[in-house]
There are 2 protein chains.
Amino acid sequence: MPRKVTSACAPKAPLEERPLLTLEKAGELARLFDVLASDTRLRLLHALVRMDDPYMGDLADAVDMKPQAVSNQLRRLVDMGILDTHRHGSHVHYHFVDTCIAKLMYHGLCLNDEAHAHRLVSAG
Amino acid sequence: MPRKVTSACAPKAPLEERPLLTLEKAGELARLFDVLASDTRLRLLHALVRMDDPYMGDLADAVDMKPQAVSNQLRRLVDMGILDTHRHGSHVHYHFVDTCIAKLMYHGLCLNDEAHAHRLVSAG
DNA sequence: TCATCATTACACTGAATTGTGTATTGAAGG
DNA sequence: CCTTCAATACACAATTCAGTGTAATGATGA
């Protein structure tokens, strides 16, 4: 079995052709989106994309929040399998396990911009 | 006003090149993802993609939930600007305002599948 | 107008989440 | 060994949210 880093999402059957999401599948997916359903986590993830191998303190500075709060959220992201860590001296660095989550964030951002434009057009 | 369904998201600057999300922007985006951070809403949206112009009762049947609960969630989706409604007799039909949200769901689903495969490979 | 059914509004309960404050762990350096 | 600082664990208070049960609205048909 080839050891391959997934950076793109494999093409799958479109939504219309899939059987209705089971409760279990829907629950998994909901937990995934829930990761991105927080302004704090979104900003942390964005900071991670922008910075090069930052450690926790860097991220706390970037989002201007207390280390405890940032550590809490980062731990959630690690538990979810979104991020991974490695120590360097007394500092703990964070990095993405899979960049797909960033792509998802990007898609959401585009959609949000679209919605804004749409509203401006239709509502004036 | 031309009746046009927007189905593609405009290309934008990649995440790395954008300034760090402001609290406001991050909040908007978080609310967007929060819509998809619920197994019930995901299944309702999926049912909407699969069915042709369903009304509330259809959707309640599809997800096997009480009409009140379904109506609550649908109302949230309408308030968010994700769905729109039109009456047909005593029935209220729901449809997407913009299919981008479905694309986002699709991306999330792919990512979830990928993560599963990944886990199977690395953890055995 | 009246009866009936579909849909929605409203108040409520239980569960989950976030950031805070405090205490603890862990590593670097004298 | 001891001090110092980074990072985390833990309990707590405030907030948010989903589904339930009941009541109200709205349309259909006699």
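For the numbers below, each heavy atom of this structure counts, side chains included, while hydrogens, waters and symmetry mates do not. Order of the sequence lines sets the chain letters (A, B, ...), proteins ahead of strands, with each chain counted from 1.
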*Asks:* Mind checking the OG1-CD spacing from B/Thr40 to B/Gln73? Nearest 0.5 Å is all I need.
*Replies:* 6.0 Å
*Asks:* Return the orientation label for the B/His107 and A/His107 ring planes: parallel under 30°, perpendicular over 60°, tilted otherwise.
*Replies:* parallel
*Asks:* Is the shortest side-chain N to carboxylate O distance from B/Arg43 to B/Asp39 below 4.0 Å?
*Replies:* no
*Asks:* For B/Ser71 and C/dT8, is the shortest distance between a side-chain N/O and OP1 or OP2 below 4.0 Å?
*Replies:* yes
*Asks:* When you measure from the side chain of B/His46 to the backbone N and O of A/Leu15, does any donor-acceptor pair fall under 3.5 Å?
*Replies:* yes
*Asks:* For the side chain of A/Asp64 and the backbone of A/Asp61, is there at least one donor-acceptor N/O pair under 3.5 Å apart?
*Replies:* no
*Asks:* Is the backbone of B/Val35 close enough, under 3.5 Å, to the side chain of B/Arg41 for a donor and an acceptor to pair up by distance?
*Replies:* yes
*Asks:* Can you measure A/Asp79 atom CG to D/dA9 atom P for me and round it to whole angstrom units?
*Replies:* 9 Å
*Asks:* Please encode protein proximity along nucleotides 10-26 of chain D as a string of B, S and -, counting only heavy-atom distances under 4.0 Å.
*Replies:* -------SSBBBB----
*Asks:* Spell out, as yes or no, whether a donor-acceptor pair under 3.5 Å connects the side chain of A/Thr22 to the backbone of A/Lys25.
*Replies:* yes
*Asks:* How would DNA chain D look in dot-bracket form, 5' to 3', counting Watson-Crick and G-U wobble pairs with both distances under 3.5 Å and writing | for bases paired to another strand?
*Replies:* ||||||||||||||||||||||||||||||
*Asks:* Determine yes or no for a side-chain-to-main-chain donor-acceptor pair under 3.5 angstrom, with B/Arg50 supplying the side chain and B/Leu45 the backbone.
*Replies:* no
*Asks:* May I ask you to list the residues of residues 44-56 of chain B, by number, that have any heavy atom positioned under 4.0 Å from an atom of DNA chain C?
*Replies:* B/Tyr55, B/Met56
